[in-house]
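Basis for what follows: all heavy atoms, side chains included, without hydrogens, waters or symmetry-related copies. Below, read A as the first sequence line, B as the second, and so on, with proteins coming before strands; counting in each chain starts at 1. These numbers come from a predicted model, not from an experiment.
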Amino acid sequence: MADTTTSTVALEETKAIDTKVDCRNINVFYGAKQAIFDVSMAIPSRSVTAFIGPSGCGKSTFLRCINRMNDTIESARVEGEVIIDGEDVNSAAVDPVLLRSRVGMVFQKPNPFPKTIYDNIAYGPRIHGLARSRDDLDEIVQNSLMRAGLWEEVKERLAEPGTGLSGGQQQRLCIARAIAVSPEVILMDEPCSALDPIATAKIEELIDELRERFCIVIVTHSMQQAARVSQRTAFFHLGKLVEVGDTEHIFTNPTDNRTQDYITGRFG
Amino acid sequence: MLQTFSHIPMAWLAFAVLAAAGCAAFLAGRATAMKISASGSVMMNSQPNYHGYFAAMWTVLPAALILLAYSLFGSGLARSLLTQELPDGFAGMDGVQLSQYLDRVGEAAQLDRAVWASEPLFAAVTERFMTLQGGLKLATMLAAAVAGLAGLAFACRRLNASFRARTEVENGIEWALFACAAIAIATTAGIVLSLLFESIRFFTEIPVFDFLFGLHWNAQTEEDFGAIPLFFGTFIISLIAMCVAVPVGLYAAIYLSEYAGPKVRAWIKPMLEILAGIPTVVYGFFALLVVAPAVSAAAVWLNGLPVIPDEFFAASSTNALAAGLVMGVMIIPFVSSLSDDVINAVPQSLRDGAFAMGATRSETVKQVVMPAALPGVIAAVLLAVSRAIGETMIVVMAAGLRPQITLDPTAEITTITVQIVALLTGDSEFDSPKTLSAFALGFVLFALTLVFNLIALRVVQKYREKYD
Ligand SMILES: Nc1ncnc2c1ncn2[C@@H]1O[C@H](COP(=O)(O)OP(=O)(O)OP(=O)(O)O)[C@@H](O)[C@H]1O
Ligand SMILES: [Mg+2]
């Protein structure tokens, strides 16, 4: 019963907010096994949406639907519509390569390319032809690093390999790399799980700043983090979307018992 | 009596007796340990089985060492004892004749008496030899038995509750493993040293400089030992081979690891492995009978074209191009399987990162996967080069024997390996410069492949450091 009430709640809210990504009736299968069951959700622009839920409930899988990263997995099959700015990303007309330049992604484990710090950031602008001149590119690199809060630490060593940075710096490098192509949406899959509290605080601060310009979706296992950085929170359980709403509302007054149990740490 | 001992097949007997003795010692050691543990209230330091292994170790090892020493030096010892008994100038023979005579005695000792009954003197010597040999064998077996028993007694006396049999057995195992490693190293060192010494003997007759930088090779007549034409031939053929193997092997590896679906992969990988399993002699006659004639026919046709001067291409029936092409095909699976491993070792997260940036598949391969895999790929190529340099059968069959320096790929050409084969087949004195030059060539070959392998190893090590 709870399911029907939440979906009507979600639908009502959809109208109220400025939707950037509208997911409708998403089902995902890995081979014969279904990982996501009929999930519909509207993700607002210029705000942070957090996905929470126990391990294996399908947060990453759902996140990867938004930039079609599930295409790279042989056995995965996605049904349903993901509408960004009025266009279904799963339609044949959409080129996943272009889509991914509009929807950036940051992974759980920092994965800088085996290139210099400069080339890591310049990678996206280069393959998408965003810089007209060398000066343009320099500016993009500097801006991205500044916005990721990494500029001061690396400005002297742009020609050194990105793999030589610390874990937290590498993760900020990956965020800088993602924002260098000026995406509209940034997906982050547990971006802080490999980092210490100080590096985590830096990244949370960064997310808060980025919110003014981008639509951000973050998967996290930390309730505190979800409460700190997000405006909206979605709770997943066993491949189903249990509840989605304003973060404050979800954390203080959840509608569903399972959400209540999860955020108070009684299961998961 | 002793003569009958000389016929005993010692190896098998020794093996069987040692195995039986080992088992018996194991049981004895274990039983002793169990008795100790049953009688005392103290905790045994080690399980009874370890006491058993310890006893077996001390029984078998001393005996085995004595038997091993006999099998290495026994017949030599019998022979030198016999030589001492024979009077000087025995039957008017000089040193070489005597040595051949003793060889015959050694052979005859294995055979039936009837074979040599007709020569009384020879028969007497042979019988004396058999007596000596039989005596030695008997002595060895007795010594082995005594050593084994002594070892067992020593081991059993040490067994008690606090005895660390486990540690001792571990040490024994470590020594056994070390001995295996040492054998491998000692053999290699022995080969290298013998190469080195024979090469030095060669270089006392032919100056190193003339060998390394001489432009003419004519070892059969023992006139010229300038190895440059051979180095050049090896270089050209390896170059042709690498021009085939590196691009094809590398692109095949990229296709397999980045593009092919699991089904295609399941087909192509085994195919490549079959290619790797073809004996080189098969490649060799393929090169000789199919590719070489085709190359020379093509060269003849090219010579006939108006724009090309007559006889521009040598169009030889065995030629560098045929050998190089076929060698390249032979090396493809080598390059592709090594590169495939390296490319697969590139973390998936890097590919995901590139895809998520909106890179296409080929951009991902070119700009992210290959730079990460490059050191490993370079190592693979270097290993392939050292393989090409050392490859023998294909070039022996299809490259030819004429040492010459030419850039014409349709000409007959020869390599280091081909010359080594040519120098050592057929009758020749062992210490003539001609034979010795084969050692010098072998040494150069060894040095070259060693250098390539060392560089490859270094590159791989660097790569490891970076990714762990
Ligand atoms: N490549 C895959 N092949 C098959 N099944 C998969 C694959 N990836 C994920 N799954 C399955 O899909 C389900 C959802 O996985 P997903 O990775 O989305 O969970 P998650 O919520 O992100 O978990 P976590 O918090 O541990 O990251 C799980 O049951 C998982 O086993
Ligand atoms: Mg996940």
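- For A/V106, no part lies near chain B; criterion is any non-hydrogen pair under 4.5 Å.
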**OP:** Could you please spell out the steps behind the side chain to side chain contact (heavy atoms under 4.5 Å, CB included) verdict for B/Y255 and B/I268?
**Re:** CA-CA 10 Å; B/Y255 172 75; B/I268 296 187; 3.9 Å; yes
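- By the 6.0 Å contact criterion, NZ on B/K269 is enclosed, its count of non-hydrogen atoms from other residues, nucleotides or ligands being greater than 12.
- Between the side chains of A/R177 and A/N111, at least one donor-acceptor pair of N or O atoms lies under 3.5 Å.
- Heavy atoms closer than 4.5 Å to chain B are found in both the backbone and the side chain of A/F113.
- Environment of CD in A/E139: sparse, with no more than 12 heavy atoms of neighbouring residues, nucleotides or ligands closer than 6.0 Å.
- Contacts between A/P96 and chain B at a heavy-atom distance below 4.5 Å are absent for every atom of the residue.
- Per-residue counts of heavy-atom pairs under 4.5 Å with chain B were compared for A/K115, A/R64, A/R68; the largest is that of A/K115.
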